[in-house]
Amino acid sequence: MSFQSLGLVAALVSAATERGYATPTPIQTAAIPAILQGSDVLGSAQTGSGKTAAFSLPMLQRLAAGQADPHPSGSRRVRALVLVPTRELAAQVGEAIRALAQHLPQPMRIAIVFGGVSINPQMMGLRGGADIVVATPGRLLDLVAHNALKLSSVSTLVLDEADRLFDLGFAEELGNILALLPVRRQNLLFSATFPPAIQTLADKLLQDPVRIEVQGEPGTEPDIVQRVIEVDANRRTQLLRHLIKESKWERVLVFVATQHAAQTVAEKLYKNGIYAVPFHGDIAQGTRTDILSQFKDSRWDVVVATDLAARGLDIVDLPVVVNYDLPRSTVDYTHRIGRTGRAGESGLAISFVTAATEPHFRLIEKRQGLSLPRERIEGFEPVETAPEAVPQGNGGVKGARPSKKDKLRAAAAGAIKPD
Ligand code: AMP
């Protein structure tokens with residue numbers, strides 16, 4: 001199967017080839033012809049499946065074909081809207097679309113807009129309209145309020161990582177944006193998971209969609225080795241240092257539960273000669289963008305991040321992810337470890353488990369259908385014991401004993417601090 005045989009024009013095939021895409025991934029094989037035909041698409045795709053190119057290539061082709069349409073100058077109109085949950089993803093998706101569009105005979109005007117940076121350059125960039133706007137929902141609505149763009153001509157809507165848009169509390173913004181769009185348009189919705197809210201949105205939004213499910217297909221599973229290491233909570237940083245040095249890891253993404261932990265763990269590693277940097281929502285957007293590009297260029301050995309970095313980020317050749325703190329939700333476990341083993345590369349995901357977090361990890365394993373052996377590293381064998389579980393819900397009822405689930409929940413709640 002080649003990109004050409006999927007019906008893509010030569011300019012897009014050569015741009016894909018230049019990015020190193022030799023053959024289409026399964027989601028690209030399924031989505032590209034459907035999108036070219038104008039169908040709505042409901043894509044259930046795991047991270048690293050190649051979904052960005054799966055929607056971008058046919059969207060670009062359709063927009064290029066429609067470019068003969070008269071363009072009222074200064075109209076501020078937008079032809080395609082790609083909504084993403086985070087600033088980093090907006091930058092990443094926008095850059096990927098720009099690269100794929102570069103050989104089209106007519107230049108595509110592609111605007112990338114997100115909050116946390118000055119709105120003025122974005123307003124200037126939208127003068128005369130845009131073919132494609134890649135946006136986070138809040139900033140998009142700000143720009144509409146400033147009269148910097150109009151959504152009434154949008155012919156293609158893409159919702160990327162729809163589940164994450166909801167998780168991050170964008171449901172209301174999304175509703176406001178949908179109300180500004182014309183009724184007749186093509187809708188493409190991609191999500192890693194389908195909780196009821198996303199299912200309801202999909203039912204409302206999509207007309208007779210082509211459903212594409214690439215999870216679990218043979219050959220598409222990322223090649224990720226998952227390891228679990230038992231360690232005492234207060235020895236995790238030392239163990240991390242030991243593993244980084246012993247294993248000569250060159251690029252490690254470490255997940256922690258709080259911004260404070262990101263700062264302190266990164267500082268401790270740095271003081272011990274490991275180039276580590278924190279990455280969380282309190283760090284200025286410009287600095288965050290710099291950190292990611294420096295990490296890609298190997299100028300940092302370790303990025304210590306909150307769940308801000310768990311989804312969407314594509315750091316090619318990221319060999320190791322470490323769960324220093326476990327994620328609160330089992331879905332985030334999948335997203336975190338999905339940062340490694342992308343696009344056919346193999347990856348290693350290590351989770352540190354303490355006596356207090358062991359019950360929570362058991363929940364993660366249960367929900368994910370996993371059963372992973374526990375390892376101990378010489379010199380770091382744990383001595384802590386699990387804290388007494390505090391019963392919840394039925395604690396005041398005489399005679400009522402906490403259920404096993406209550407105990408697991410209580411232990412997990414005590415062990416996992418909010419971000
Ligand atoms: P995505 O799921 O869109 O975030 O893409 C994950 C990674 O796969 C990115 O690094 C893409 O550049 C890469 N990729 C996308 N399509 C292909 C392809 N057909 N062949 C090889 N790599 C690809």
Side-chain angles (χ1 to χ4, degrees), residues 1-9 12-36 41-61 82-102 110 112 132 134 158-165 188-193 212-217 219-224 251 253 292-293 295-298 309-319 321 334-347:
M1 183 62 70
S2 68
F3 281 105
Q4 212 156 5
S5 65
L6 296 176
L8 291 172
V9 296
L12 293 170
V13 174
S14 63
T17 312
E18 274 171 34
R19 278 179 78 78
Y21 306 170
T23 49
T25 64
I27 193 167
Q28 290 162 358
T29 306
I32 290 172
I35 298 172
L36 283 176
V41 164
L42 178 60
S44 158
Q46 64 198 33
T47 52
S49 57
K51 69 180 156 56
T52 313
F55 67 73
S56 303
L57 288 166
M59 176 178 77
L60 284 165
Q61 183 151 326
V82 182
L83 283 178
V84 296
T86 65
R87 303 153 182 189
E88 282 75 18
L89 200 55
Q92 187 175 298
V93 169
E95 289 312 323
I97 297 177
R98 277 195 182 137
L100 293 172
Q102 63 179 323
I110 299 162
I112 304 170
I132 302 171
V134 183
V158 181
L159 294 185
D160 194 13
E161 309 227 349
D163 49 352
R164 187 65 168 162
L165 279 166
L188 313 173
L189 188 154
F190 295 88
S191 198
T193 56
I212 299 170
E213 162 109 40
V214 296
Q215 263 149 346
E217 270 182 30
T220 62
E221 285 285 339
D223 178 13
I224 302 173
R251 229 192 319 254
L253 181 59
L292 286 181
S293 67
F295 193 36
K296 284 184 191 178
D297 296 343
S298 298
R311 297 215 194 185
L313 289 193
D314 177 28
I315 299 159
V316 177
D317 191 18
L318 175 61
V321 167
T334 315
H335 286 294
R336 283 183 179 189
I337 72 166
R339 298 304 95 215
T340 183
R342 289 167 73 76
E345 290 154 10
S346 60

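Indexing begins at 1, ligand by ligand and atom by atom, following the structure's order. These numbers were taken from a predicted model, which means no experiment stands behind them.
Side chain of Thr25 to backbone of Ser49: a donor-acceptor contact under 3.5 angstrom is found.
Contact atoms of ligand 1 toward Thr25: 17 (C), 18 (C), 19 (N) (distance under 4.0 Å to a heavy atom of the residue). Heavy-atom proximity to Gln28, at under 4.0 Å, picks out these atoms of ligand 1: 15 (C), 16 (N), 17 (C), 18 (C), 19 (N). Set against the non-hydrogen atoms of Thr52, the atoms of ligand 1 under 4.0 Å away are 1 (P), 3 (O), 4 (O).
By the 3.5 Å distance cut-off applied to N or O atoms, Lys51 is counted among the residues near ligand 1. At under 3.5 Å, a nitrogen or oxygen of Tyr21, whether backbone or side chain, sits near a nitrogen or oxygen of ligand 1.
For the ligand labelled ligand 1, residue Thr23 lies inside the 4.0 Å heavy-atom shell.
With hydrogens and angles left out, the side-chain atoms of Arg251 and Ser298 include a donor and acceptor closer than 3.5 Å.
By the side chain to side chain contact (heavy atoms under 4.5 Å, CB included) test, Ala53 pairs with Tyr21, Gln28, Leu57, Leu100, sequence neighbours left out. Scanning for salt bridge (charged side-chain N to carboxylate O under 4.0 Å, His left out) contacts around Glu95 gives Arg98, with sequence neighbours left out.
Heavy atoms from other residues, nucleotides or ligands lying under 6.0 Å from CD of Gln4 number 12 at most.
Between Phe55 and the options Leu60, Leu189, Val93, a side chain to side chain contact (heavy atoms under 4.5 Å, CB included) holds for only Val93.
When the heavy atoms of Gly50, Ala99, Pro24 are ranked by distance to atom 2 (O) of ligand 1, first place goes to Gly50.
Within the 4.0 Å heavy-atom criterion, the part of Phe3 lying near ligand 1 is the side chain and not the backbone.
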